Structure formats: structure tokens, C-alpha cells
Amino acid sequence: MNECRLVLDSNVFVAAGFEPRSASARLLEALRQGRCRMVWHRMTRRETERVLRRIPPLDWQRFAPLFRPEWEHPAEFDLTPFGAIDDPDDRKFAALAAATRSVLISQDDHLLARRDELPVRVLKPSEFLAELMRGEADDRR
């Protein structure tokens, strides 16, 4: 299998936190097992931590180990090409995926509604898991 690189929207962590048998939770388990790597940037990590800390039943510490230092993308990236995404908070995830040639995993309607127009692959967790099970998960566009 080719190396699969993923950028995870914060809603994937929220879904996994609330439903341990969800596609989002299974996807995080695949990351823990090393089947893929999660590329992150300080802005996406900060956003995910902020969201998880605002929802009392969720525990940021449970997910923090997935943000492995060796998977960080420290370079800046351009948000400008992603202005068509309605929610400005979602633009950084798409821009990071584009900068790192990663697949963006999200359940966000703002991103999914524009996925055919974006220069990155945007998949729901269940769609990505189906590809992973078939052995097709990689960074193709």
C-alpha cells in the first residue's frame, strides 16, 4: 500500500469521542495502528484542541497523542485558494491537505459540498475506511 497521509477535520475527533464504534473512531484506531499518518499543523491542532475542550464530555488528552511530532507540517501554507469554503475555520484543513498532498477527512457540510471543486480529495470517514479496506487508500487525487 502507498503511504496514506490524512488531514483530519476536528469533527472527526468529536464524532469518535461520542460514538466509539463510529467510522471516525475506527479511523483514529487505524492511525494508532500506524496504517496511515495524520499530518497536522499548529493551526489545525489548536482548532481541534479548542473544539474538544469546549465539549465537556470529550477529553482532549485522549486524542493528543495522535498529534505526533514527526507528522507535524511546520511550514506555512496559503489559505487564499480556499476562499470558496463558506466556513473560514475549515479553510486551514483544506489548505494543509493541499500543501502536504494529503486526503482531507471531514464530515463538514461546508467542505463536502465543495469537494468536487477543491484541489484536494475530501472524504467522509466511512468513505476513506472503505478504500482502506479495499487497499486503495493513498494520496491520489
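Keep in mind that what you see is a predicted model, and the values were worked out from it rather than measured.
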Supply the atom-to-atom distance [X] [atom1] to [Y] [atom2], rounded to the nearest 0.5 angstrom.
X: Leu123; Y: Leu104; atom1: CG; atom2: CG; result: 8.5 Å
X: Leu52; Y: Gln61; atom1: CG; atom2: CD; result: 10.5 Å
X: Thr44; Y: Leu8; atom1: OG1; atom2: CG; result: 9.5 Å
X: Arg121; Y: Ser102; atom1: CZ; atom2: OG; result: 12.0 Å
X: Arg45; Y: Met38; atom1: CZ; atom2: CE; result: 9.0 Å
X: Arg91; Y: His110; atom1: CZ; atom2: NE2; result: 10.0 Å

Nearest atoms (heavy-atom pairs only) where [X] meets [Y]:
X: Ile85; Y: Ala94; value: CD1-CB, 3.7 Å
X: Leu6; Y: Cys36; value: CD1-CB, 4.0 Å
X: Phe82; Y: Ala95; value: CE1-CA, 3.4 Å
X: Val120; Y: Ala97; value: CG1-C, 3.7 Å
X: Pro125; Y: Ser106; value: CD-O, 3.8 Å

Checking side chain to side chain contact (heavy atoms under 4.5 Å, CB included) for the pair Phe63/Thr48: CA distance, chi angles, key distance, verdict?
CA-CA 9 Å; Phe63 300 108; Thr48 301; over 6 Å; no

Are any non-hydrogen side-chain atoms of [X] and [Y] less than 4.5 angstrom apart?
X: Ile105; Y: Leu27; value: yes
X: Met43; Y: Phe77; value: yes
X: Val103; Y: Val7; value: no

Phe93/Trp40 aromatic ring centres below 6.0 Å:
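No, ring centres 6.0 Å or more apart.
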
Can Glu29 and Arg26 be counted as an ion pair, charged N to O under 4.0 angstrom?
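No.
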
Is it true that Arg115 and Glu127 make a salt bridge, defined as a side-chain N closer than 4.0 Å to a carboxylate O?
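Counted as a salt bridge, because a side-chain N and a carboxylate O are separated by less than 4.0 Å.
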
Candidate pair Glu47 and Lys92, rule side chain to side chain contact (heavy atoms under 4.5 Å, CB included), full reasoning:
CA-CA 10 Å; Glu47 170 81 7; Lys92 65 181 141 284; 3.6 Å; yes

Could you please spell out the steps behind the side-chain hydrogen bond (donor to acceptor under 3.5 Å, both in side chains) verdict for Ser22 and Ser24?
CA-CA 5 Å; Ser22 67; Ser24 293; 4.5 Å; no

Determine yes or no for a side-chain-to-main-chain donor-acceptor pair under 3.5 angstrom, with Arg114 supplying the side chain and Ala84 the backbone.
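Side chain of Arg114 to backbone of Ala84: a pair is present.
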
Donor-acceptor pair, distance only, cut-off 3.5 Å: does the side chain of Arg5 make one with the backbone of Val39?
no

Which pairs count as side-chain hydrogen bond (donor to acceptor under 3.5 Å, both in side chains) when at least one residue sits in residues 73-90, sequence neighbours excluded?
Arg42-Glu76, Asp78-Thr80

Start with the C-alpha distance between Phe67 and Phe13, add both sets of side-chain angles, then the distance that settles ring pair (Phe, Tyr, Trp, His ring centres under 6.0 Å), and finish with yes or no.
CA-CA 12 Å; Phe67 290 82; Phe13 294 92; 5.6 Å; yes

Pairs meeting criterion salt bridge (Lys or Arg N to Asp or Glu O under 4.0 Å) with involvement of residues 51-72, two or more places apart
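Listed by first then second residue: Glu49-Arg53.
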
Please assess Lys124 against Leu112 for the test side chain to side chain contact (heavy atoms under 4.5 Å, CB included), listing each intermediate value before the final yes or no.
CA-CA 8 Å; Lys124 296 177 185 178; Leu112 294 169; 3.9 Å; yes

